[in-house]
Amino acid sequence: MSPRTAEQGSLPSGPRVGAADDRPALGVGMVGHSFMGAAHSRAWTSAAASFPVPLLPRLAALAGRDGTRAAEAAQRLGWADVETDWRALLEREDVDLVDICSPGDTHAEIACAALAAGKHVLCEKPLANSVEEAEAMVAVAEEASARGVRSMVGFTYRRVPALELARQLVASGRLGALRHVRVAYLQDWLVDADAPMSWRLDKQRAGSGALGDIGAHAVDIAQHVTGQRLTGVTGLLETFVRERPVVDGPSGLTGGTGARGATAPVTVDDAAVFLARTDGGALATFEASRTATGHKNALRLEVDGELGSVVFDLERLNELQVHERGGDALVEGRRRVVVTEPGHPWMSGWWPPGHVLGWEHAFTHQAVDLLGDLAAGRAPSPSFREGLVVQRVLDAVERSAAAGGRWVEVPAPAQDAAPRRAAG
Ligand code: SOE
């Protein structure tokens with residue numbers, strides 16, 4: 001599916017295309033418009049303002065089951081049109097890419113149908129609710145890729161400049177042979193037993209709880225930064241709050257008045273802890289919790305090598321702590337690198353040194369890289385197959401936890417994940 005020319009796309013919204021700008025347009029149709037839908041919308045609208053993207057994203061249509069809420073979101077987020085059935089996006093000539101920002105139980109059906117219809121796909125993480133679903137998505141995605149129809153899974157933290165710098169330092173050998181990987185992704189929005197039910201707490205909708213929601217990020221970024229794969233795990237899961245109030249409102253199980261009624265069972269984990277080995281001989285520890293009191297969105301990664309180590313904290317996302325051994329013992333220790341220099345990943349598109357970025361900018365970088373891949377006819381990364389690698393780790397943790405924490409091997413991928421590419 002080749003993107004349409006700016007002349008063919010006569011949509012009222014999206015970046016203004018003047019006579020001088022003859023870049024082709026890429027029509028986007030998005031499914032879902034809550035938290036991730038808002039983040040993706042801002043990414044599509046900011047990509048062209050900060051980077052010389054080869055395709056101009058056009059926010060063609062937003063799909064949401066509740067037409068009134070979808071229309072309000074479309075107005076607020078800059079979408080030109082609204083559909084109440086995602087399938088309508090697949091029929092639209094002005095949609096070249098479907099951006100899936102809906103709950104996990106919708107990913108497989110929507111992605112497979114969109115790819116079969118010749119639409120590129122960006123799918124939020126985790127890729128699916130099960131290994132079986134993820135394997136089916138990979139098969140459809142790789143067949144579609146042979147037709148030039150591309151797909152990507154949205155592990156956005158790969159596109160935080162400081163984490164890409166960490167990956168480059170590891171890949172360059174500056175840290176030496178890796179010994180330890182330590183990842184904790186801690187939030188506390190569910191620590192209050194009164195926090196209401198939502199789709200994220202329903203196994204049927206979400207697949208798992210903290211493990212798949214934020215543990216997926218922890219697993220992906222650990223594998224991406226180290227360039228190593230988790231080969232086996234032992235894990236524990238816990239649900240601390242087993243019943244939650246059903247709030248009859250948009251974020252509850254049914255849209256409506258906001259009245260509090262009965263409670264419903266929580267069928268997913270509040271927290272996951274697991275240990276792993278990597279195929280590079282390192283030991284890894286992971287923690288993912290949405291009941292970690294006092295932690296708001298605290299993704300912390302530490303990689304310790306024979307020659308040095310790096311420490312990243314999402315709550316200080318413009319910084320990377322770097323320690324390289326062998327210096328002057330008098331002043332040896334970690335130095336704080338502010339990752340905002342022009343030569344740092346993606347920083348060429350932003351501000352002078354020290355003018356820091358935020359959480360949302362990784363979504364912009366994701367959109368920028370995807371637009372570049374589509375224009376160049378390249379397979380985007382992370383691919384659905386890389387999403388399947390994460391899914392297999394999540395599944396192994398669940399199987400380990402269900403078996404009292406016994407060691408569970410993680411099946412090796414059938415073929416290498418997409419080649420790692422230097423960042424933008
Ligand atoms: C969970 O609270 C969450 O919204 C994740 O679903 C997102 O992937 C993460 O970026 C922020 O936290």
Side-chain angles (χ1 to χ4, degrees), residues 30-43 99-107 122-129 134 152-164 183-192 195-203 205-225 237 239-241 244 250-252 266 268-272 286-301 312-318 357-367 382 386-387 390-391 393-394:
M30 188 167 77
V31 184
H33 49 75
S34 299
F35 179 11
M36 283 301 122
H40 284 228
S41 301
R42 291 171 72 100
D99 186 359
I100 304 172
C101 294
S102 44
D105 63 332
T106 68
H107 291 185
L122 170 59
C123 182
E124 258 296 320
K125 45 45 68 182
L127 181 65
N129 281 3
M152 176 195 258
V153 58
F155 285 113
T156 47
Y157 293 128
R158 294 188 177 198
R159 292 177 157 94
V160 173
L163 281 170
E164 173 56 17
V183 191
Y185 197 165
L186 307 177
Q187 299 176 341
D188 71 358
W189 58 282
L190 287 174
V191 69
D192 183 345
M197 271 305 286
S198 73
W199 68 265
R200 288 182 186 270
L201 301 170
D202 174 3
K203 187 171 183 60
R205 303 293 313 278
S208 62
L211 177 65
D213 182 16
I214 51 182
H217 278 302
V219 169
D220 180 71
I221 202 63
Q223 296 186 133
H224 183 66
V225 166
L237 301 180
T239 305
F240 298 110
V241 179
R244 288 189 181 272
S251 64
V266 173
V268 297
D269 55 285
D270 285 325
F286 292 86
E287 188 179 2
S289 174
R290 301 185 297 195
T291 53
T293 313
H295 296 280
K296 300 307 171 184
N297 194 29
L299 168 61
R300 182 182 174 94
L301 168 91
F312 171 81
D313 177 352
L314 184 60
E315 293 181 345
R316 303 176 69 93
L317 71 84
N318 292 277
L357 300 186
W359 174 80
E360 68 184 78
H361 294 98
F363 288 85
T364 302
H365 302 158
Q366 175 174 271
E386 291 174 89
V390 172
Q391 209 75 41
V393 173
L394 303 180

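When reading the values below, keep in mind they use all heavy atoms of this one structure, side chains included, and skip hydrogens, waters and symmetry mates. In each ligand, atom 1 is the first atom listed, and ligand 1 is the first ligand listed.
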*Short list, please: which atoms of ligand 1 are under 4.0 Å from a heavy atom of Arg200?*
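Near Arg200, meaning under 4.0 Å from one of its heavy atoms, ligand 1 has 4 (O), 6 (O).
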*Using a strict cut-off of 4.0 Å, indicate which atoms of ligand 1 neighbour a heavy atom of Tyr157.*
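In order of number, 9 (C), 10 (O), 11 (C).
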_ring pair (Phe, Tyr, Trp, His ring centres under 6.0 Å) involving His33 - partner list, sequence neighbours excluded_ =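 Ring pair (Phe, Tyr, Trp, His ring centres under 6.0 Å) list for His33, sorted by chain: empty.
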*List in chain and number order the residues that pass ring pair (Phe, Tyr, Trp, His ring centres under 6.0 Å) with His361, two or more places apart in sequence or in another chain; answer none if no residue qualifies.*
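In terms of ring pair (Phe, Tyr, Trp, His ring centres under 6.0 Å), with neighbours along the sequence ignored, His361 is linked to Trp350.
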I need the nearest protein heavy-atom contact for [atom]: residue, atom name and distance, please.
| atom | result |
| --- | --- |
| atom 8 (O) of ligand 1 | His217 NE2, 2.8 Å |
| atom 1 (C) of ligand 1 | Asp213 OD2, 3.1 Å |
| atom 4 (O) of ligand 1 | Phe35 CE2, 3.2 Å |

*asked:* Geometry only, no angles: is Gln187 polar-contacting ligand 1 at N/O separations under 3.5 Å?
replied: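 Yes: some nitrogen or oxygen of Gln187 is under 3.5 Å from one in ligand 1.
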*Heavy-atom gap Glu124 to ligand 1 smaller than 4.0 Å*: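 It does not, in that no heavy atom of Glu124 comes within the 4.0 Å cut-off of ligand 1.
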_Residue that, paired with Arg290, satisfies salt bridge (charged side-chain N to carboxylate O under 4.0 Å, His left out) out of Asp188, Asp192, Asp269, Asp213_ =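 With Arg290 as partner, salt bridge (charged side-chain N to carboxylate O under 4.0 Å, His left out) holds for just one option, Asp213.
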*Side chains of His295 and Glu315, donor plus acceptor under 3.5 Å*: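 Their side chains do not contain a donor-acceptor pair, so the 3.5 Å distance test is not met.
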*Quick one: does ligand 1 sit under 4.0 Å from the side chain of Arg290, the backbone, both or neither, non-hydrogen atoms only?*
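Under 4.0 Å from ligand 1, Arg290 contributes no heavy atoms.
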*Using heavy atoms and a threshold below 4.0 Å, how should the contact between Tyr185 and ligand 1 be classified: side chain, backbone, both, or neither?*
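Within the 4.0 Å criterion, Tyr185 contacts ligand 1 through side-chain atoms alone.
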*Would you check if the side chain of His40 reaches a backbone N or O of Leu122 as a donor-acceptor pair within less than 3.5 Å?*
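No, His40 side chain to Leu122 backbone: no donor-acceptor pair under 3.5 Å.
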*Without swapping roles, check the side chain of Ser208 against the backbone of Gly212 for a donor-acceptor pair under 3.5 Å.*
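Between the backbone of Gly212 and the side chain of Ser208 there is a qualifying donor-acceptor contact (under 3.5 Å).
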_Can you confirm if the aromatic rings of Trp359 and Phe35 lie within a centre distance of less than 6.0 Å?_
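When the ring centroids of Phe35 and Trp359 are compared, they turn out to be within the sub-6.0 Å range.
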